[in-house]
Amino acid sequence: MNQKVYIETYGCQMNVADSETVAAIMQSKDFFPVVSISEADVIILNTCSVRDNAEQKIWNRLDFLKGLKRRKKNLKVGIIGCMAQRVADKLLEHEAVDFVAGPDAYRSLPELVSESDIDLTHINTDFNTNETYSGIVQYKYDENAISGFVPITRGCNNFCSYCIVPYTRGRERSSSYVDIINEVTDLRDKNYKEITLLGQNVNSYFFEDVKQSVDFPKLIKMVAEAAPDMRIRFTTSHPKDISNELIDAIASYENICNHIHLPVQSGSNKVLNLMNRKYTREWYLERIEKIKSTIPNCGLSSDIFCGFSGETEIEFQETLDLMNIVKYDSAFLFKYSVRPGTAASKNLTDDVPESEKVARLNRLINLQNQISLKKNKADIGKNYQVLVEGFSKRSKEYLFGRTQQNKVVVFPAENVKRGNFINVKITDASSATLKGIIINN
Ligand code: SAH
Ligand code: SF4
Ligand code: F3S
């Protein structure tokens with residue numbers, strides 16, 4: 001009988017895509033992916049290490065699974081993803097854990113599960129810089145899904161001093177553009193309406209074969225042309241590498257969404273330098289100006305964190321000041337969490353007290369809420385194309401979808417369904433969502 005496998009995903013969109021790849025690998029070896037934990041014979045946690053609290057969540061979850069295993073004797077539990085790579089041995093010591101696989105070792109998962117039956121080595125954290133999981137068609141849990149992730153690069157070579165990702169994901173590699181286009185056209189044929197090209201730094205995509213060499217601007221144009229009726233998104237862009245050519249491509253293709261996620265991390269040159277981000281505040285602001293002048297009404301979002309080593313009150317204020325200049329539509333805001341093994345953990349002192357980190361984080365959140373509210377209010381009266389995603393969480397009388405700028409819009413449900421592109425006039429706004437009414441459908 002097929003064993004049922006349940007995968008729980010933590011962390012970033014790359015992990016969401018990887019979980020679908022893992023489900024496909026498991027299915028090809030006679031496992032059956034399920035969506036309810038109570039049915040599972042095998043539970044896999046796809047984990048994140050980016051901040052300490054991401055790892056704490058997993059330790060807590062494992063304590064819960066230990067209890068579940070007592071009640072269900074044959075249940076197996078595996079850990080994959082970034083934390084599996086970082087602390088494999090420690091994880092395997094936990095009573096609940098049967099097998100561990102790092103991000104480049106997913107093809108060996110079916111074997112690892114069977115090996116854990118007979119107590120052989122059930123750990124694989126080998127890096128494989130050639131692994132792009134090409135040729136694997138991701139398993140789709142939702143047959144009616146309309147949007148999907150397509151990884152285009154894996155790993156990272158940037159070594160921002162605070163960041164664990166280069167250590168957990170290994171060196172950067174790009175998938176073949178042929179595989180990427182195949183995946184995109186496959187999703188198009190399955191009626192998908194939106195895809196997001198994924199990588200830690202999509203701008204450094206580069207693939208060369210006998211026919212041609214393809215960089216990111218070229219790739220995104222090929223994708224946009226292969227699926228003219230689909231929305232194309234991408235994330236993440238590293239500010240040091242965002243080129244005029246890419247900005248021009250977004251402006252000239254109707255189906256490449258007018259939204260750029262461009263994480264700044266800090267507004268202070270001293271801090272950016274300590275972070276090894278390889279750009280200055282002035283460079284970043286110039287890129288933002290270029291985006292604003294080339295793509296009118298471009299949605300802008302960012303990642304920012306406070307309390308990095310050496311960040312003084314003055315330098316923190318430079319971050320607030322930059323946020324006031326750029327006016328992001330939304331931002332992911334964090335406080336610094338030291339990651340063992342990174343350059344910052346070795347060479348810098350974590351010298352901003354926790355209470356000060358919390359206070360600064362609250363100031364970031366308050367400011368961004370004010371900016372988001374102002375920007376959303378400025379949308380009132382405007383019309384936007386919205387891709388309908390489903391019913392609003394609060395009421396079946398309302399649907400929700402997103403604008404190209406990646407803003408969520410809620411509107412009364414009438415004669416439209418998931419996957420439709422509609423025009424909506426914005427009538428109200430909060431800091432998190434827009435409200436609107438459907439026009440001329
Ligand atoms: N590759 C992407 C995102 C990587 S992780 C990029 O370069 O932008 C997502 C975000 O987590 C980062 O942008 C950063 O804001 C945050 N982050 C990464 N390491 C962190 C740490 N040690 N402490 C706090 N936040 C961190
Ligand atoms: Fe981490 Fe920097 Fe790479 Fe992003 S670019 S994953 S922040 S090292
Ligand atoms: Fe987390 Fe790894 Fe993604 S550390 S953010 S799951 S690349």
Side-chain angles (χ1 to χ4, degrees), residues 8-19 22 45-58 79-87 102-104 106 149 151-173 196-205 234-242 260-267 271-272 274-279 284 301-309 311 319 323 328 330-346 348 350 352 354 357-358 360-361 364 368:
E8 208 163 81
T9 307
Y10 298 81
C12 63
Q13 293 162 329
M14 188 62 88
N15 267 9
V16 175
D18 280 0
S19 288
V22 168
L45 307 185
N46 192 0
T47 61
C48 174
S49 280
V50 78
R51 283 167 293 275
D52 185 59
N53 57 7
E55 294 197 351
Q56 278 317 319
K57 254 191 225 162
I58 301 301
I79 308 289
I80 64 172
C82 289
M83 188 177 169
Q85 190 69 42
R86 199 181 83 75
V87 284
D104 283 348
Y106 296 156
F149 295 122
I152 63 166
T153 69
R154 299 181 67 83
C156 184
N157 290 347
N158 286 316
F159 288 96
C160 302
S161 63
Y162 52 83
C163 183
I164 197 70
V165 173
Y167 304 90
T168 59
R169 293 257 163 191
R171 294 295 61 75
E172 183 184 283
R173 69 223 73 157
T196 305
L197 305 175
L198 289 184
Q200 297 301 342
N201 176 10
V202 289
N203 304 114
S204 59
Y205 175 87
F234 58 94
T235 197
T236 300
S237 282
H238 194 300
K240 77 179 162 64
D241 294 321
I242 186 160
I260 302 180
H261 182 62
L262 200 63
V264 70
Q265 314 299 359
S266 164
V271 175
L272 286 170
L274 288 172
M275 287 177 168
N276 193 29
R277 286 291 284 182
K278 303 189 184 92
Y279 55 83
Y284 185 89
S301 57
S302 196
D303 294 346
I304 296 169
F305 68 97
C306 60
F308 188 56
S309 307
E311 184 190 77
T319 300
M323 291 163 75
Y328 297 110
S330 63
F332 296 103
L333 307 168
F334 313 103
K335 57 190 168 66
Y336 176 47
S337 161
V338 184
R339 307 316 292 131
T342 57
S345 78
K346 291 179 194 159
L348 302 170
D350 182 21
V352 179
E354 184 59 23
K357 285 182 185 172
V358 173
R360 287 181 193 173
L361 177 59
L364 289 177
Q368 185 53 47

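Because the structure is a prediction, the values reported are computed rather than measured. The figures here come from the full heavy-atom set of this structure, side chains too, leaving out hydrogens, waters and symmetry mates. All ligand and atom numbering here is 1-based and tracks the order in the structure.
A ring-centre distance under 6.0 Å is found for Tyr167 and Phe159.
Under 4.0 Å from ligand 1, the heavy atoms of Phe305 that appear belong solely to its side chain. Only the side chain of Gln265 comes within 4.0 Å of ligand 1, judged by heavy-atom distances. Under 4.0 Å from ligand 1, not a single heavy atom of Met275 appears.
Within the model, atoms OG1 of Thr168 and CZ of Arg339 stand 10.0 Å from one another, a figure rounded to the nearest 0.5 Å. Here Tyr10 contributes atom OH and Thr47 contributes atom OG1; the two are 9.5 Å apart, rounded to the nearest 0.5 Å. Here the CD atom belonging to Gln368 is positioned 8.5 Å from the OG atom belonging to Ser302, to the nearest 0.5 angstrom.
Considering Gln85, Arg169, Arg86 as possible partners of Ile164, the one that fulfils the side-chain contact (heavy atoms from CB on, under 4.5 Å) test is Arg86. When each of Leu198, Thr235, Asn46 is paired with Met14, the side-chain contact (heavy atoms from CB on, under 4.5 Å) condition holds for Leu198 and for no other.
With no hydrogens or angles considered, a side-chain donor-acceptor pair links Ser19 and Thr9 at under 3.5 Å.
Proximity to Pro166 (heavy-atom distance under 4.0 Å) selects the following atoms of ligand 2: 8 (S). Residue Ser337 has at least one heavy-atom neighbour below 4.0 Å for each of these atoms of ligand 1: 21 (C), 22 (N), 23 (N), 24 (C). Applying the 4.0 Å criterion to heavy atoms of Cys82 picks out, from ligand 3, the atoms 2 (Fe), 4 (S), 6 (S), 7 (S). Near Asn15, meaning under 4.0 Å from any of its heavy atoms, are these atoms of ligand 3: 6 (S). Atoms of ligand 1 lying under 4.0 Å from at least one heavy atom of Pro263, given by number and element, are 8 (O). The contact set between ligand 2 and Phe159, taken as ligand atoms under 4.0 Å from a residue heavy atom, comprises 8 (S). Annotation for ligand 2: atoms under 4.0 Å from non-hydrogen atoms of His238 are 5 (S). The Tyr162 neighbourhood of ligand 1 comprises atoms 18 (C), 19 (N), 20 (C), 22 (N), with distances under 4.0 Å to a heavy atom of that residue. Close approach to Arg277 involves these atoms of ligand 2, each under 4.0 Å from a residue heavy atom: 2 (Fe), 7 (S). Annotation for ligand 3: atoms under 4.0 Å from non-hydrogen atoms of Arg169 are 7 (S). Near Arg51, meaning under 4.0 Å from one of its heavy atoms, ligand 1 places the atoms 11 (O), 16 (C), 17 (N), 23 (N), 24 (C), 25 (N), 26 (C).
Looking only at protein heavy atoms, the nearest one to atom 5 (S) of ligand 2 is Asn158 ND2, 3.4 Å. Scanning all protein heavy atoms for the shortest distance to atom 7 (S) of ligand 2 gives Tyr162 OH, 3.4 Å. Regarding atom 3 (Fe) of ligand 3, its nearest protein heavy-atom neighbour is Cys12 SG, 2.3 Å. Ranking the protein heavy atoms by distance from atom 6 (S) of ligand 2 puts Gln200 OE1, 3.5 Å first. Among all protein heavy atoms, the one lying closest to atom 9 (C) of ligand 1 is Asp303 OD2, 3.6 Å. Looking from atom 6 (C) of ligand 1 to the surrounding protein, the closest heavy atom is Thr236 CG2, 3.8 Å. Among all protein heavy atoms, the one lying closest to atom 2 (Fe) of ligand 2 is Cys160 SG, 2.3 Å.
With sequence neighbours left out, Asp303 forms a salt bridge (Lys or Arg N to Asp or Glu O under 4.0 Å) with no residue at all.
A heavy-atom distance below 4.5 Å is not found between the side chains of Arg360 and Leu364. For the pair Met83/Leu45, no side-chain contact is recorded, criterion being any heavy-atom separation below 4.5 Å from C-beta on. Put simply, the side chain of Cys48 does not reach to within 4.5 Å of the side chain of Lys57, judged on heavy atoms. Under the 4.5 Å side-chain criterion, counting only non-hydrogen atoms from C-beta, Thr153 is not in contact with Asn201. For the pair Tyr328 and Ile304, the minimum side-chain heavy-atom distance is below 4.5 Å.
Within the structure, the closest approach of Ser49 to ligand 3 falls below 4.0 Å when heavy atoms are considered. Distances from ligand 1 to the non-hydrogen atoms of His261 include no value under 4.0 Å. Residue contacts with ligand 2 do not include Arg169, since none of its heavy atoms lies under 4.0 Å from the ligand. Residue contact annotation: Asn201 has no non-hydrogen atom under 4.0 Å from ligand 1. Residue contact annotation: Val50 has a non-hydrogen atom under 4.0 Å from ligand 1. Ligand 1 lies within reach of Arg277, whose nearest heavy atom is under 4.0 Å from it.
Comparing heavy-atom distances from atom 3 (Fe) of ligand 2 across Gly155, Cys156, Cys12, Cys163 singles out Cys156 as nearest. Atom 7 (S) of ligand 3 has its nearest heavy-atom neighbour, among Arg339, Gln200, Met14, in Gln200. Of the listed options Arg169, Arg339, Gln13, Gln200, Gln200 places a heavy atom closest to atom 4 (C) of ligand 1.
In this structure, the side chain of Arg171 engages the main chain of Pro166 through a donor-acceptor pair within 3.5 Å.
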One pair to check against side-chain hydrogen bond (donor to acceptor under 3.5 Å, both in side chains): Ser204 and Glu172. What are the steps and the verdict? CA-CA 9 Å; Ser204 59; Glu172 183 184 283; 2.8 Å; yes
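Ring orientation note: the planes of Phe308 and Phe305 are nearly perpendicular, at an angle over 60° on the 30°/60° scale.
One of the N, O or S atoms belonging to Cys48 lies under 2.8 Å away from atom 1 (Fe) of ligand 3.
No salt bridge links Lys278 with Asp241; every basic N to acidic carboxylate O contact stays at or beyond 4.0 Å. We find that Lys335 and Glu311 are not joined by a salt bridge, their nearest charged nitrogen and carboxylate oxygen being 4.0 Å or further apart.
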